[in-house]
Amino acid sequence: MRILGISAFYHDSAAVLVDGGRIVAAAQEERFTRRKHDADYPANAVAYCLDQAGIQLGEVDRVAFYDKPFLKFERLLETYVAFAPRGFRSFRMAVPVWIREKLFQKDLLRRKLRALAPDVDWHARLLFAEHHQSHAASAFYPSPFHDAVVLTMDGVGEWATTSVAIGHGNDLEMTREIHFPHSLGLLYSAFTYYTGFKVNSGEYKLMGLAPYGKPTYSKIILDHLIDLKPDGTFRLNLRYFDYCTGLTMTNGKFDALFGAPPRQPDEPLTQWHMDLAASAQAVIEEAVLRLTRSLRKEIGIPYLCLAGGVALNCVANGKVLRDGRFDGVWIQPAAGDAGGALGAALTASHRLFGEPRPSVSSGRSGAGAPPRHSRESGNPSASPSACGKDAMHGAFLGPAFSLDQVRRALDAAGARYETLADDALIDTTAEALAAGQAVGWFQGRMEFGPRALGNRSILGDARSPTMQKTLNLKVKHRESFRPFAPSVLREEVADWFELDRDSPYMLLVADVRTERRKPPAQAQEALFGIDRLNVPRSDVPAVTHVDYSARVQTVHRETNPRYHALLEAFKAKTGCPVIVNTSFNVRGEPIVCTPADAFRCFMGTDIDCLAIGNCFLRKEAQDPALKREYADSFEPD
Amino acid sequence: MSFLRELWLFMRVRKKYWLFPVIVMMFVLGGLLMLSQGSAVAPMIYTLF
């Protein structure tokens, strides 16, 4: 069966194609339209998925949408009724949008599909999954676990904001839910808003800011904002929040509790904001830990899958892993709404049509097979979340470009480049990295999900004490307090970080090993904010946060041999198997998709070299007339 | 027409017939708002709605 999964109309539209239970293609619409978090119907992503599979839309057996519009509408109406007459301003703005568009999503989808395949009965072929069911399916079905408890946490879907499911083979049963307006995601978003960042995109920044502060407000949050039970279930005190009835996340009572109004985006960040970030982060971690501990105790399954926007909080994920309650933890790399397209498609494929799960079906069918845990078939390195054993193909599910296509794009753009053999390309790139240069690295299939994992990345030398500042200010044009993530050879990860497991999707935070740390001098300890980040704290200062933590990506020969070879070459030159890996884009820009996107970004920033496929470009060789002001063309996120 | 049929089916399955008058009210009020505003702009907060 061929299933096309679609997520759209809220944020992060995406399309996914699953064929016979195998994920063939997946991409977010923003990568094609170049509009960050694009919410429109993903026409380009659908076209790509069909093209990748070499089929027409009419050859797709089912289309699965990632949530249920009528259920969402029910929540909207019941919320307005419950809070009436408050909420009229919100009602006045939201209802026309629903009457014009959102209520008719099913018709809109059918129209879009009919335009491409007019002879198909789309009434029969169009399916809808619930939002959290889609998240849960995206976490469980591609995981390497035959049985697992699945925890999904986000802002809100239809009604659910937190849900628990139990996966067994092809079956995935939703067992319990916490409903809107009580939401861990919205609590975190409230602090994102309050500290002056954009809701639904600035949550990463709040997480990055937290290590600069102390959780001095955690008790106030737990005493006033959230009633957190010992088993991790919770209720928010809605008297402090405005999102049910107003146009902001928090209200005056929230301001009074913390003693100030929300920070405006152009106001400076102070220690107070950092302490608030640390406090919100600590509360979220506590809630997630209580949930996972109680689930382990009550359900007894030793494997955990996570998805939903809160599962992108890699600091909390790292705490869950180190808590040691579960033998294996697997997190969907596209844990946000884009991954919902994948979950909807996999639900249809595995649950509805009983197709085998590739990640657990070698030798035995997933459906109907006796219960077993993936460790039996997993990586002998004692990591049940072993990369290559899940069904995500390293998350490299997007478009790739042949050498001819790359050359044509570069020629059309007026680029000057040399074409190198594989070994020469890797050696030249490693040499540039070792010389402290920032390198654009564009290889193979684009990643699915918010992280660049070594195919659409900007790379740098992790040993350089100036690389973090250079990349933040001259290349990425983003806030200087934000740290970068390391890519490290899987074989070497335990020598550099307090981590003995695979982390192929950059979703786990671990500390730099003690013997690699360099304690700052007393005078340096007294520094504030970004100045603290600029103090070298380890042998790999460019990827070491102020609390010695790092958002680790392990690189595996099986899923990305080219990137693995680059890290090996870098290690051969420098003795260090760690490099900086940040997404190939500037602030507010979707990650590059095509060679033309990559060349534009290369010429608009201070990236020194660019490796696209086997073509290698140096900035000094390019025509200066092709340089352009670039960073300002995207709205800051 | 299929929209109305599906909406009715939804209310029946969910046993939420009481939503019917609310929906009618919403269409009337929403229609008036659309006529007076000319354009529909979503709230600039988290896309709850």
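Chain identifiers are assigned alphabetically (A, B, ...) following the order of the sequence lines, protein sequences preceding nucleic acid strands; residue numbering begins at 1 within each chain.
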Discussion item. So for atom NZ, which belongs to A/Lys112, do other residues, nucleotides or ligands contribute more than 12 heavy atoms lying within a distance under 6.0 Å?
Written reply: no
Worksheet item: How many angstroms lie between CD1 in B/Ile23 and CZ in A/Phe73, if you round to the nearest 0.5 Å?
Response: 5.0 Å
Worksheet entry | Interface moiety of B/Leu29 toward chain A, non-hydrogen atoms closer than 4.5 Å | side chain
Worksheet item: In terms of heavy-atom pairs under 4.5 Å with chain B, which of A/Glu74, A/Lys68, A/Lys106 leads?
Response: A/Glu74
Worksheet item: Would the number of heavy atoms belonging to other residues, nucleotides or ligands and lying under 6.0 Å from CZ of A/Phe88 be above 12?
Response: yes
Practice prompt. Might you point out which heavy atoms bring B/Ser2 and A/Asp107 nearest each other, and give the distance in Å?
Written response: OG-OD1, 3.8 Å
Fill in: chain A contact via B/Phe27 - which portion, at a heavy-atom distance below 4.5 Å
both
Worksheet entry | Contact check, side chains of A/Glu78 and B/Lys16, non-hydrogen atoms, under 4.5 Å | yes
Worksheet item: Sequence neighbours excluded, which residues qualify as ring-ring contact (aromatic ring centres under 6.0 Å, His included) partners of A/Tyr66?
Response: A/His131
Practice prompt. Kindly give the heavy-atom pair with the smallest separation between B/Met26 and A/Leu77, and that separation in Å.
Written response: SD-CD2, 3.6 Å
Worksheet item: Does the side chain of B/Phe10 come within less than 4.5 Å of A/Leu71's, by heavy atoms?
Response: yes
Discussion item. Quick one, A/Glu158 with B/Arg14, criterion salt bridge (charged side-chain N to carboxylate O under 4.0 Å, His left out). Give me CA distance, side-chain angles, the key distance, then yes/no.
Written reply: CA-CA 14 Å; A/Glu158 293 91 358; B/Arg14 297 281 294 170; over 6 Å; no
Item to complete: Look at the aromatic rings of A/Phe70 and B/Phe3 and report parallel, tilted or perpendicular, splitting at 30° and 60°.
Response: perpendicular
Discussion item. Which heavy atom of B/Gly30 sits nearest to which heavy atom of A/Pro96, and what is that distance?
Written reply: O-CG, 4.5 Å
